[in-house]
Enquirer: 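Structure in structure tokens, see below.
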Amino acid sequence: MFNLKKANLQEIFYTSSRTSKLFNIFMSSVTIISIISTLEYDSAKIVTYKSTLTYEVLEIIIVSIFIMEYILKLSAYLKKLDKITTIAIGKFIITPVNIVDALSFIPYFSMPYPYRLVILVARIIKLPRFITGIKTILDGLKESLVGVGVFFIILLFIIFSSSIMIFSLEHKVNPHEFQSITDAIWWSIVTITTVGYGDIYPVSTAGRILASIVMIIGISSIAILTSIFSSSFIDNLLQKLKYNREAAMEKSVDKLNNHFIVCGFGRVGKIVAKRLMENNKDFVIIERVENAIQDAQKQGYLTIYGDATDEEILGKAHIDRAQGIALLMESDAKNLYSLITAKDENRNIFAVARANTEESVKKFKKLGAKTISLYRTSADKISRMLIAPAVADFISITFGDEQDIKMDEYFIKNKSKYAGAKIKDTDIRSKFNIIIIAIVSKTGEYVFNPKADNVIDANSTLICIGRKKDMSIFKANLES
């Protein structure tokens, strides 16, 4: 059953969630109905009420909904506070948006004309808060509120100054047009906004020079204001897109199970991610360099921005239910620390770590991790090419990016048709054209180059080599 006390009201009603969107549609519909009904009350003749009572009942229902929404918003605000105080409630009430909301739930018919028009204006201002596109613009303007405020203060100063100046220049030579300071203010507003009704205009040379300056200032002001609005809107929109992308990424990561975690998206990390993708393995990349994260996201990989040595970051990657982790950061110390943290959360996780020194190799092995040593791998490859070039070529062909030959491992389940069968009695070679080069027992013992009479035990692993197409068919056959 829904518990209002434990519910996150902010998330339910005031975010981008589905319930929030439905709530916004409902509130915007109610607000539009209230605007139409108030206009009809003032004889706009949009709809026709049979009696004044019909309107008043509708108005009371609308006001009740507005009050409930106000209380709901106040409750969501108070739930976010560590301590509820009178000052905190006062800050909420005197916020311009909330003042408008408070005015909107005054019954329209209770106020005389023209004072009740304030209520109508409040409801018109209230409407954009529930419309997604306009909300995005308003959110953007909030972030540049200081800049907009300074702009309007300067604009008001220019209007005030130009009004005094034009009145001083034109009042004596053109008394019919500039009868009072209010005429001068009207002229300044019309000129600076480039509306130019032409009902009031200067006739003196000095007045026309001033008018030209005010026109140029007006055009420049519009350009500046447009720039402030557009940049605020674009910045806010980009932030929202980034937030939505990160939220979608988090949801995808939360669904992962029995997956792999790749810590570091450098040269080695990129190759590992590519291989995992080619083999349809679920994985997530942890990287603290922003450019590397963006590169990974462009390739469609799930990512988490942060340091893999941070326990919280590994928690976000769901280390507790991961199958394996690749520690491929530049620093041996970071790889070692991340391994210790990973083993604390998931003792049985399979770990492979990059090691730069022999001392690091020993430490990783003590913690039960397989290691790769780039300098040793390179040295072994060079010496092999010198001593046994044919072997080196064969390995290059086997593991080359563009080659058709592949080496892989396959786990034999209890219910598999191969469990308990001799190699010679299976169709692995005859049907799938795959060579078994080793069998790994469930205890971890290796049998290299097994004979035809060797039995494939349940829960053992076959290490095979063959063409990619044949290996894929064999894998699908095993899974079925």
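This chain uses plain numbering: 1 for the first residue, then up along the sequence. Remember, predicted model here, so these are calculated numbers, not experimental data.
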Enquirer: To the nearest 0.5 Å, what is the distance between CG (L120) and CE (M111)?
Expert: 12.5 Å
Enquirer: Please report the closest heavy-atom contact between S221 and L155, naming both atoms and the distance.
Expert: OG-CD1, 3.9 Å
Enquirer: How far apart are the closest heavy atoms of V173 and L169, and which atoms are they?
Expert: CG2-O, 3.4 Å
Enquirer: Not counting sequence neighbours, which residues clear ring pair (Phe, Tyr, Trp, His ring centres under 6.0 Å) with F105? List them please.
Expert: Y70
Enquirer: Mark yes when over 12 heavy atoms from residues, nucleotides or ligands other than Y337 sit less than 6.0 Å from its OH; otherwise mark no.
Expert: no
Enquirer: Which residues satisfy the side chain to side chain donor-acceptor pair (under 3.5 Å) test with S338, sequence neighbours excluded?
Expert: none
Enquirer: So does A296 get a backbone contact from the side chain of Q299, meaning a donor-acceptor N/O pair under 3.5 Å?
Expert: no
Enquirer: Can you tell if the side chain of I154 reaches within under 4.5 Å of the side chain of F152, non-hydrogen atoms only?
Expert: no
Enquirer: Identify, with sequence neighbours excluded, every residue that meets ring pair (Phe, Tyr, Trp, His ring centres under 6.0 Å) alongside F66.
Expert: none
Enquirer: Do the side chain of N279 and the main chain of K281 share a donor and acceptor less than 3.5 angstrom apart?
Expert: no
Enquirer: On a heavy-atom basis, which atom in A273 and which in F265 lie closest, and how many Å separate them?
Expert: CB-CE1, 3.9 Å
Enquirer: Please enumerate all residues that pass side chain to side chain donor-acceptor pair (under 3.5 Å) together with D344, with sequence neighbours excluded.
Expert: none
Enquirer: What is the minimum heavy-atom distance between E287 and A292, and which atoms define it?
Expert: CG-CB, 3.5 Å
Enquirer: Report the residues that fulfil side chain to side chain donor-acceptor pair (under 3.5 Å) with D310, sequence neighbours left out, ordered by chain and then residue number.
Expert: none
Enquirer: Partners of D199 by side chain to side chain donor-acceptor pair (under 3.5 Å), sequence neighbours excluded?
Expert: W186
Enquirer: Backbone N or O of V289 within a donor-acceptor pair of the Y305 side chain at under 3.5 Å?
Expert: no
Enquirer: Any side-chain heavy-atom pair from Y115 and P112 closer than 4.5 angstrom?
Expert: yes
Enquirer: Can you measure from CD (E250) to OG1 (T303) and round to the nearest 0.5 angstrom?
Expert: 10.0 Å
Enquirer: Give me each pair satisfying side-chain hydrogen bond (donor to acceptor under 3.5 Å, both in side chains) with a member in residues 57-67, each pair once, sequence neighbours excluded.
Expert: Y55-E59, E59-R123
Enquirer: So does K343 get a backbone contact from the side chain of N346, meaning a donor-acceptor N/O pair under 3.5 Å?
Expert: no
Enquirer: What distance do H171 atom NE2 and H176 atom NE2 have between them, rounded to the nearest 0.5 Å?
Expert: 14.0 Å
Enquirer: Closest heavy-atom contact between W187 and P202?
Expert: NE1-CD, 3.6 Å
Enquirer: Sequence neighbours left out, cut at 3.5 Å: what donor-acceptor pairs do the side chains of residues 25-36 make with other protein atoms?
Expert:
{"from": "S28", "atom 1": "OG", "to": "N24", "atom 2": "O", "distance (Å)": "2.9"}
{"from": "S28", "atom 1": "OG", "to": "I25", "atom 2": "O", "distance (Å)": "2.9"}
{"from": "S29", "atom 1": "OG", "to": "I25", "atom 2": "O", "distance (Å)": "2.8"}
{"from": "T31", "atom 1": "OG1", "to": "M27", "atom 2": "O", "distance (Å)": "2.7"}
{"from": "S34", "atom 1": "OG", "to": "T31", "atom 2": "O", "distance (Å)": "2.6"}

Enquirer: F283: what forms a ring pair (Phe, Tyr, Trp, His ring centres under 6.0 Å) with it, not counting sequence neighbours?
Expert: Y301
Enquirer: Going from CD1 on I119 to CG on L103, what distance comes out if it is rounded to the nearest 0.5 angstrom?
Expert: 7.5 Å
Enquirer: Checking side chain to side chain contact (heavy atoms under 4.5 Å, CB included) for the pair I286/D307: CA distance, chi angles, key distance, verdict?
Expert: CA-CA 7 Å; I286 298 176; D307 198 326; over 6 Å; no
Enquirer: Is it the case that over 12 heavy atoms from other parts of the model lie below 6.0 angstrom from the CD1 atom of I87?
Expert: no
Enquirer: Test T357 against V361 for side chain to side chain contact (heavy atoms under 4.5 Å, CB included), laying out the working first.
Expert: CA-CA 6 Å; T357 65; V361 171; over 6 Å; no
Enquirer: Just checking F178 against F167, ring centres under 6.0 Å apart?
Expert: no
Enquirer: Verify the distance criterion only: is there a donor paired with an acceptor across the side chains of T341 and E311 at less than 3.5 Å?
Expert: no
Enquirer: Strictly by side-chain hydrogen bond (donor to acceptor under 3.5 Å, both in side chains), give each pair with a member in residues 93-104 just once, sequence neighbours left out.
Expert: K73-N98, K73-D101, D101-K126, D101-R129
Enquirer: Would you name the heavy atoms of F364 and L339 that are closest together and state the gap between them?
Expert: CD2-CD2, 3.5 Å
Enquirer: So Q294 and E290, side chain to side chain contact (heavy atoms under 4.5 Å, CB included) or not? Walk me through it.
Expert: CA-CA 6 Å; Q294 292 173 356; E290 196 165 347; 3.8 Å; yes
Enquirer: Under 6.0 Å from the CZ atom of F109, do we count more than 12 heavy atoms belonging to anything else shown?
Expert: yes
Enquirer: Supply the atom-to-atom distance T205 OG1 to L210 CG, rounded to the nearest 0.5 angstrom.
Expert: 12.5 Å
Enquirer: Show your working on side chain to side chain contact (heavy atoms under 4.5 Å, CB included) between Q297 and M249 and close with a plain yes or no.
Expert: CA-CA 10 Å; Q297 289 173 350; M249 188 80 71; 3.9 Å; yes
Enquirer: Could you work out, with salt bridge (charged side-chain N to carboxylate O under 4.0 Å, His left out) as the rule, every residue matching R208, not counting sequence neighbours?
Expert: none
Enquirer: For a quick test of your reading: what N or O donor-acceptor pairs under 3.5 Å do the side chains of residues 316-332 make, sequence neighbours left out?
Expert:
{"from": "H318", "atom 1": "NE2", "to": "D254", "atom 2": "OD1", "distance (Å)": "2.9"}
{"from": "R321", "atom 1": "NE", "to": "L256", "atom 2": "O", "distance (Å)": "2.6"}
{"from": "R321", "atom 1": "NH2", "to": "D254", "atom 2": "O", "distance (Å)": "2.4"}
{"from": "R321", "atom 1": "NH2", "to": "L256", "atom 2": "O", "distance (Å)": "3.2"}
{"from": "Q323", "atom 1": "NE2", "to": "N258", "atom 2": "O", "distance (Å)": "3.0"}
{"from": "S331", "atom 1": "OG", "to": "A333", "atom 2": "N", "distance (Å)": "3.2"}
{"from": "S331", "atom 1": "OG", "to": "K334", "atom 2": "N", "distance (Å)": "3.3"}
{"from": "D332", "atom 1": "OD1", "to": "N356", "atom 2": "N", "distance (Å)": "3.2"}
{"from": "D332", "atom 1": "OD1", "to": "N356", "atom 2": "ND2", "distance (Å)": "3.0"}
{"from": "D332", "atom 1": "OD2", "to": "N356", "atom 2": "N", "distance (Å)": "3.0"}
{"from": "D332", "atom 1": "OD2", "to": "S360", "atom 2": "OG", "distance (Å)": "2.7"}

Enquirer: Would you call V284 and I304 a side-chain contact if the rule is heavy atoms closer than 4.5 Å?
Expert: yes
Enquirer: With rounding to the nearest 0.5 Å, note down the distance linking CG in N257 to CG in D282.
Expert: 9.0 Å
